Amino acid sequence: MKNLVIIIFIFFSFCAYAQEKVTVIHFNYKWNDRNNYNLRGIQNAKVQYAWLEEQPEHIVKTIKTVPVIVILGKDGKVKMQYAADLSFKIQATKDDIQKSINRIWINQ
């Protein structure tokens, strides 16, 4: 029983310190939802989706193209972003995005 308690304590301690260093936010407008980018399977990052029309004005003013994927470091600063082209689609591959996340994650 004592060993089980120690193992549970170690597990929870590890989980508490294994917080993600990178946040990925996918911004898009509802009218362009058919061009949402599927970020399922992304690792080493907290992934969030946000509708631009539901964001504060100061964020809306900074986004010039939709959809856009913004990668933030642990400090909350933008480290990388992938924006759509004239077709309103992001052309980067999921592998490109994952490589950027890994590079940022390792360097923090």
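Side chains included, hydrogens not; waters and symmetry mates left out as well; all remaining heavy atoms used. Keep in mind that what you see is a predicted model, and the values were worked out from it rather than measured.
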**Student:** Does a side-chain heavy-atom distance below 4.5 Å link V22 with N44?
**Tutor:**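 No, every pair of side-chain atoms sits at 4.5 Å or beyond.
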**Student:** Looking at residues at least two apart in the chain, or sitting in another chain, which of them share a side-chain hydrogen bond (donor to acceptor under 3.5 Å, both in side chains) with D96?
**Tutor:**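 Per chain and number, D96 pairs via side-chain hydrogen bond (donor to acceptor under 3.5 Å, both in side chains) with T93.
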**Student:** State which residues pass side-chain hydrogen bond (donor to acceptor under 3.5 Å, both in side chains) with N38; sequence neighbours excluded, sorted by chain then number.
**Tutor:**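 N38 satisfies side-chain hydrogen bond (donor to acceptor under 3.5 Å, both in side chains) with no residue once adjacent residues are dropped.
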**Student:** Does the side chain of I42 come within less than 4.5 Å of K94's, by heavy atoms?
**Tutor:**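 A side-chain contact under 4.5 Å exists here.
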**Student:** Using a strict cut-off of less than 4.0 Å between a Lys/Arg side-chain nitrogen and an Asp/Glu carboxylate oxygen, indicate whether K89 and D85 qualify as a salt bridge.
**Tutor:**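 Salt bridge: no.
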**Student:** Drop me the distance from K79's NZ to I71's CD1, to the nearest 0.5 angstrom.
**Tutor:**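 One finds 11.5 Å between NZ of K79 and CD1 of I71.
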**Student:** What's the spacing between I101 CD1 and K46 NZ if we round to 0.5 Å?
**Tutor:**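 Interatomic distance, I101 CD1 to K46 NZ, rounded to 0.5 Å: 14.0 Å.
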**Student:** In Å and rounded to the nearest 0.5 Å, what is the CD1 to CD distance from I63 to Q81?
**Tutor:**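 It is 6.5 Å, given to the nearest 0.5 Å.
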**Student:** Using the salt bridge (charged side-chain N to carboxylate O under 4.0 Å, His left out) rule, collect all pairs that involve residues 49-69, keeping only residues at least two apart or in two chains.
**Tutor:**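 Listed by first then second residue: K30-E54.
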**Student:** State plainly whether one hydrophobic cluster holds both I25 and I90, where clusters connect Ile, Leu, Val, Met, Phe, Trp and Tyr through side-chain heavy atoms under 4.5 angstrom apart.
**Tutor:**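 In one cluster: no.
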**Student:** Check the hydrophobic clustering (I, L, V, M, F, W, Y; side-chain heavy atoms under 4.5 Å; chains of links allowed) and say if W105 and Y82 are grouped together.
**Tutor:**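 In one cluster with W105: Y82, yes.
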**Student:** Partners of N32 by side chain to side chain contact (heavy atoms under 4.5 Å, CB included), sequence neighbours excluded?
**Tutor:**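 Side chain to side chain contact (heavy atoms under 4.5 Å, CB included) list for N32, sorted by chain: N28, N35, V66, P67, F88.
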**Student:** Could you tell me the separation between the CD1 atom of I97 and the CG atom of L39, rounded to the nearest 0.5 Å?
**Tutor:**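 If we round to the nearest 0.5 Å, I97:CD1 and L39:CG are 5.5 Å apart.
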**Student:** Strictly distance-based, threshold 3.5 Å: is any side-chain N or O of Q43 a donor or acceptor partner for the main-chain N or O of Q98?
**Tutor:**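 Such a contact is absent between Q43 side chain and Q98 backbone.
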**Student:** The criterion is side chain to side chain contact (heavy atoms under 4.5 Å, CB included); which residues satisfy it with Q55, sequence neighbours excluded?
**Tutor:**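 Q55: side chain to side chain contact (heavy atoms under 4.5 Å, CB included) contacts with F27, A50, L52, I59, V60.
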**Student:** Got a sec, which pairs hit ring-ring contact (aromatic ring centres under 6.0 Å, His included) with one end in residues 33-66, sequence neighbours left out?
**Tutor:**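 Of all non-adjacent pairs touching residues 33-66, those that pass ring-ring contact (aromatic ring centres under 6.0 Å, His included) are H26-Y49.
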**Student:** In this structure, would I104 and V24 fall into the same cluster of hydrophobic residues linked by side-chain contacts under 4.5 Å?
**Tutor:**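 Result: yes, single cluster for both.
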